[in-house]
Amino acid sequence: MSVTLKDVALAARVSVSTASRALTGTGLTSERTQQRLARIARELGYRPNPIARGLKTGQSRLVALLVHNLTNASFQVMAEVVQARLKALGYQMLLCIGGDDPQAESDTLATLVDHRVDGLIVVPTGKNGAQLKTLSKDVPIVCLVRRDDATDLETVLADDPQGAYLGTRHLIELGHKRIGLIVGRQDTTSGRERLSGYVRALREAGIARDDTLIHAGHYVPETGASYARQLLDLPRPPSAIFVANHEATLGVLRVTAERNIAIPDDLSLLCYEDMPWFEWHRPAISIVDNGARDLANLAVDRLLHRMDVKGNGNEGVREYRVGARLIKRDSCRQIDAPAPAKSGKSKSSSSKPSAAKSAKV
């Protein structure tokens, strides 16, 4: 049988109300009494009931983070940042995985209502705007990475149009004219905006858009594998592929390995969003960094602000952008330069780490 607050009060020979005030640090109890009650509670193995406390105080001290998956390293970083920030403030984070599935997202949102969360940071599918809008009347919500066009919720986004533009322009400056693009679904903010940056860079360089080089699909490794095969099987395959869908990168790398395609000798490869092993990979993979840590910190800042002003008027919402940047490593080469001569000693065996050669734009 679990130990109750009444058991702690009896053992300490105080009233239940005094025990409650001492253990929560509220009310008129001395520090000595608080320390004694805390010691007795530990000895008895007492754990407070957060649901009961939430019903009494109107605060659950729970904040939810709803993301699509943990395959995407950016989501991993975001979860770590949000959890650390909230823990320092006495909140617990509920990490929810929706799989980019509208029904799973809807079911999760309903469950979070039942748990009376104090706030929510969500990477929306874009298919449950009405439900999010209704929920936002009672729970402060911040959308992260994607905008839900059916709502006017506060939103924190990366500068995806500029990031994709910088990445594509980099490949063009290296002499590439046939640049394959694997990008996210066009019914998502990130998918549309990254495509727009790619198209803008081509247009400025006077390169005609070729839709046979553009593939948009779900945010899964299988998307990358399938579209990489289609691009590489073209009569005139691209000399470079820009994988602007992080999860798809894993599938692309699998296909290049299966076909013994040397990067960058046979194919230049540029990826969107970073993960630690991209820098450790040989060759180190050039990326467009979306600033996952900055995105998460800003989302927490905005959520905490909205939690503070809850019930104090209808404050307007805003959209915030975190700048993207290009990080040049070793996976893209000048197309008009001859490929490096094959030798017994690979480039990756150099004593100089590729991280030292990284250039940030």
Side-chain angles (χ1 to χ4, degrees), residues 65-79 81-82 97-102 104-105 121-129 132 141-151 153-169 179-201 214-224 227 241-252 270-275 278 287-296 298-299 302 318-327:
L65 172 65
L66 174 55
V67 299
H68 301 322
N69 58 58
L70 291 180
T71 302
N72 188 314
S74 291
F75 291 152
Q76 296 175 31
V77 170
M78 290 172 185
V81 170
V82 173
I97 309 298
D100 200 18
D101 177 74
E105 178 184 59
I121 297 174
V122 56
V123 180
T125 63
K127 304 297 184 181
N128 291 302
L132 281 170
I141 299 176
V142 172
C143 292
L144 178 62
V145 176
R146 293 183 189 172
R147 181 194 311 110
D148 190 304
D149 293 327
T151 74
L153 297 173
E154 191 142 283
T155 304
V156 177
L157 302 174
D159 193 351
D160 285 325
Q162 181 67 5
Y165 170 79
L166 290 174
T168 308
R169 189 181 69 179
I179 301 170
L181 178 71
I182 299 176
V183 69
R185 300 195 327 264
Q186 293 305 286
D187 60 350
T188 64
T189 309
S190 55
R192 290 194 306 271
E193 293 189 343
R194 292 173 191 176
L195 175 59
S196 72
Y198 166 88
V199 171
R200 174 189 161 203
I214 300 173
H215 293 279
H218 289 279
Y219 295 80
V220 291
E222 290 76 12
T223 294
Y227 291 155
I241 295 180
F242 185 6
V243 192
N245 167 345
H246 185 68
E247 292 88 338
T249 298
L250 303 177
V252 173
L270 177 66
C271 300
Y272 212 99
E273 301 176 70
D274 203 6
M275 64 171 60
F278 278 1
I287 58 104
V288 174
D289 182 15
N290 67 336
R293 191 169 298 278
D294 292 335
L295 285 166
L298 182 53
R302 296 314 305 162
R318 295 180 58 186
E319 181 178 288
Y320 297 83
R321 292 276 182 173
V322 171
R325 60 177 183 162
L326 171 68
I327 300 180

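Keep in mind that this is a model prediction, so the values were computed, not measured.
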K.L.:
Looking at side-chain heavy atoms only, is the closest gap between L298 and V322 below 4.5 Å?
P.N.:
yes

K.L.:
Please examine the side chains of V156 and V142, heavy atoms only from C-beta on, and report whether any two atoms are closer than 4.5 Å.
P.N.:
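With C-beta onward as the side chain, the pair touches.
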
K.L.:
Between E319 and R147, is the closest basic N to carboxylate O distance under 4.0 Å?
P.N.:
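So R147 pairs with E319 through a salt bridge.
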
K.L.:
Among all residues two or more places apart in sequence or in another chain, which pass the ring pair (Phe, Tyr, Trp, His ring centres under 6.0 Å) test with Y198?
P.N.:
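Applying ring pair (Phe, Tyr, Trp, His ring centres under 6.0 Å) to Y198 gives none.
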
K.L.:
Taking all atoms of both residues into account, what is the closest heavy-atom pair of V288 and G167, and its distance?
P.N.:
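Taking V288 first and G167 second, the nearest heavy atoms are CG2-CA, 4.0 Å.
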
K.L.:
Would you say that D101 contacts T125 through its side chain, given a criterion of any heavy-atom pair below 4.5 Å between the two side chains?
P.N.:
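Sidechains of T125 and D101: no contact.
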
K.L.:
Please step through side-chain hydrogen bond (donor to acceptor under 3.5 Å, both in side chains) for the pair Q162 and R325, ending with a clear verdict.
P.N.:
CA-CA 8 Å; Q162 181 67 5; R325 60 177 183 162; over 6 Å; no

K.L.:
Supply the atom-to-atom distance L70 CG to Q76 CD, rounded to the nearest 0.5 angstrom.
P.N.:
6.0 Å

K.L.:
Report the residues that fulfil side chain to side chain donor-acceptor pair (under 3.5 Å) with Y272, sequence neighbours left out, ordered by chain and then residue number.
P.N.:
D160

K.L.:
Tell me yes or no: between the side chains of Y219 and R185, is some donor less than 3.5 Å from an acceptor?
P.N.:
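Side chains of Y219 and R185: no pair found under 3.5 Å.
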
K.L.:
Give me the atom names and distance for the closest heavy-atom approach of G98 to L66.
P.N.:
N-CD1, 3.8 Å

K.L.:
Would you say I179 and I241 make side-chain contact, with heavy atoms under 4.5 Å?
P.N.:
no

K.L.:
To the nearest 0.5 Å, what is the distance between CG (L181) and CD1 (I214)?
P.N.:
6.0 Å

K.L.:
Whether R146 and D100 form a salt bridge (side-chain N of Lys/Arg under 4.0 Å from carboxylate O of Asp/Glu) is what I want to check.
P.N.:
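Looking at R146 together with D100, the answer is yes, because their closest N to O distance falls below 4.0 Å.
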
K.L.:
Decide yes or no for I141 and L132: does some side-chain heavy atom of the first lie under 4.5 Å from some side-chain heavy atom of the second?
P.N.:
yes

K.L.:
Can you name the closest pair of heavy atoms from L326 and L270 and give their distance?
P.N.:
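Reported closest heavy-atom pair: CD1-CD1, 4.0 Å.
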
K.L.:
Measure the CZ-SG distance between R302 and C143 for me, rounded to the nearest 0.5 Å.
P.N.:
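Taking CZ in R302 and SG in C143, the distance rounds to 13.5 Å.
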
K.L.:
Under the ring pair (Phe, Tyr, Trp, His ring centres under 6.0 Å) test, which residues partner F75, sequence neighbours left out?
P.N.:
H68

K.L.:
Could you check T168 against F242 for side chain to side chain contact (heavy atoms under 4.5 Å, CB included), going step by step and ending with a plain yes or no?
P.N.:
CA-CA 7 Å; T168 308; F242 185 6; 3.5 Å; yes

K.L.:
What's the separation between atom OG in S74 and atom CG in D289, rounded to the nearest 0.5 Å?
P.N.:
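Interatomic distance, S74 OG to D289 CG, rounded to 0.5 Å: 7.5 Å.
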
K.L.:
Any idea which heavy atoms bring L65 and A79 closest together, and the distance?
P.N.:
CD2-CA, 3.6 Å

K.L.:
State which residues pass salt bridge (charged side-chain N to carboxylate O under 4.0 Å, His left out) with E273; sequence neighbours excluded, sorted by chain then number.
P.N.:
R194

K.L.:
Kindly give the heavy-atom pair with the smallest separation between G184 and A216, and that separation in Å.
P.N.:
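The pair with the smallest heavy-atom distance is O-CB, 3.5 Å.
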
K.L.:
Using the test side-chain contact (heavy atoms from CB on, under 4.5 Å), find all partners of E222 that sit at least two apart in sequence or belong to another chain.
P.N.:
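side-chain contact (heavy atoms from CB on, under 4.5 Å) list for E222, sorted by chain: V220.
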
K.L.:
Which value, rounded to the nearest 0.5 Å, describes the distance between E193 atom CD and D159 atom CG?
P.N.:
8.0 Å

K.L.:
Stepwise, does the side chain to side chain contact (heavy atoms under 4.5 Å, CB included) test hold for V183 with H215?
P.N.:
CA-CA 6 Å; V183 69; H215 293 279; over 6 Å; no

K.L.:
Give a yes or no answer on whether the side chain of E247 reaches the backbone of P221 with a donor-acceptor pair at less than 3.5 Å.
P.N.:
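Such a contact is absent between E247 side chain and P221 backbone.
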
K.L.:
Does H246 reach the side chain of M275, with side-chain heavy atoms less than 4.5 Å apart?
P.N.:
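Heavy-atom side-chain distance check passes, below 4.5 Å.
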
K.L.:
Verify side chain to side chain contact (heavy atoms under 4.5 Å, CB included) between T249 and F278, making sure each step is shown before the conclusion.
P.N.:
CA-CA 10 Å; T249 298; F278 278 1; 3.4 Å; yes

K.L.:
Can you measure from CG (L166) to CD1 (I327) and round to the nearest 0.5 angstrom?
P.N.:
11.5 Å

K.L.:
Do V123 and V145 have side chains that get closer than 4.5 Å, going by heavy atoms?
P.N.:
yes

K.L.:
Taking the side chain as C-beta and beyond, is there a heavy-atom pair between L153 and D148 under 4.5 Å?
P.N.:
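The answer is no, as the side chains (C-beta and beyond) never meet within the 4.5 Å cut-off.
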
K.L.:
Just to verify, what does R192 make a salt bridge (charged side-chain N to carboxylate O under 4.0 Å, His left out) with, not counting sequence neighbours?
P.N.:
D149

K.L.:
Decide whether S196 and Y165 meet the rule of one side-chain donor and one side-chain acceptor closer than 3.5 Å.
P.N.:
no

K.L.:
Might you point out which heavy atoms bring N128 and P102 nearest each other, and give the distance in Å?
P.N.:
ND2-O, 2.8 Å

